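Side chains are part of it too, since the values below use all heavy atoms of this structure and drop only hydrogens, waters and symmetry mates. Protein chains get the first letters and strands the later ones, always in sequence-line order, with residue 1 at the start of each. Small disclaimer: the values here were computed from a predicted structure and weren't measured.
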Amino acid sequence: AQSVTQLGSHVSVSEGALVLLRCNYSSSVPPYLFWYVQYPNQGLQLLLKYTSAATLVKGINGFEAEFKKSETSFHLTKPSAHMSDAAEYFCAVSRMDSSYKLIFGSGTRLLVRP
Amino acid sequence: DSGVTQTPKHLITATGQRVTLRCSPRSGDLSVYWYQQSLDQGLQFLIQYYNGEERAKGNILERFSAQQFPDLHSELNLSSLELGDSALYFCASSVEDRGTDTQYFGPGTRLTVL
């Protein structure tokens, strides 16, 4: 069975500081991995995805994530936080069992201090 | 704007009632997924349709049902509603049914059961 763990339900950073949101997955087969962002009262928007090509994946808004098989991790980073990055971030895993449904982590709310 | 539309945006109803949520996928997308987002359960996969056929079921209650019509729009029917069904219901669509396909999420329908 697949699962996703996001460490830290809340992460607070200063504007301009490094953003690091942690995601670990469990999967018996090589997974596809995704990061989505949810702004208040909105749907989910894809930031980036790993689908077994390059292990370092670049996404929108300056975010990137690195797939590390040995650590079963897919942490999301951004070198310099902006106030507009304040949102909830979800890591998700997908791999065919009966479908390519997304299995989501519990989410991390990013707070950006001025 | 993801191109996925959901109606209504908000729905307030009473226990025991039945409601229908509607989703129009992005033009050309054949797969439709339904997810439920609640405070206690997080984001959970409910059901997937592909080109009119049910592809996979997740943690969907027997009181809930869905279908995808020939024009590819989908409806999620919730009956005998309980207080615990209050949640945000998302529809997502993708081009095909492949793990590499991005799922594009609609803005959601917020259901409140009183």
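- Within the 6.0 Å centre-distance limit, the rings of A:Phe63 and A:Tyr89 are counted as a close aromatic pair.
- Classified by interplanar angle (parallel below 30°, tilted 30° to 60°, perpendicular above 60°), the ring pair B:Tyr35/B:Phe105 is tilted.
- Heavy-atom distances place both the backbone and the side chain of A:Leu44 under 4.5 Å from chain B.
- Checked by atom type, the side-chain pair B:Ser94/B:Asp101 shows no donor-acceptor distance below 3.5 Å.
- For the 3.5 Å distance criterion, the side chains of B:Ser2 and A:Gln45 fail to qualify, holding no donor opposite an acceptor.
- Interface remark: B:Gln37 contributes side-chain atoms only to the contact with chain A (heavy atom separation under 4.5 Å).
- In this structure, no portion of A:Tyr50 lies under 4.5 Å from any heavy atom of chain B.
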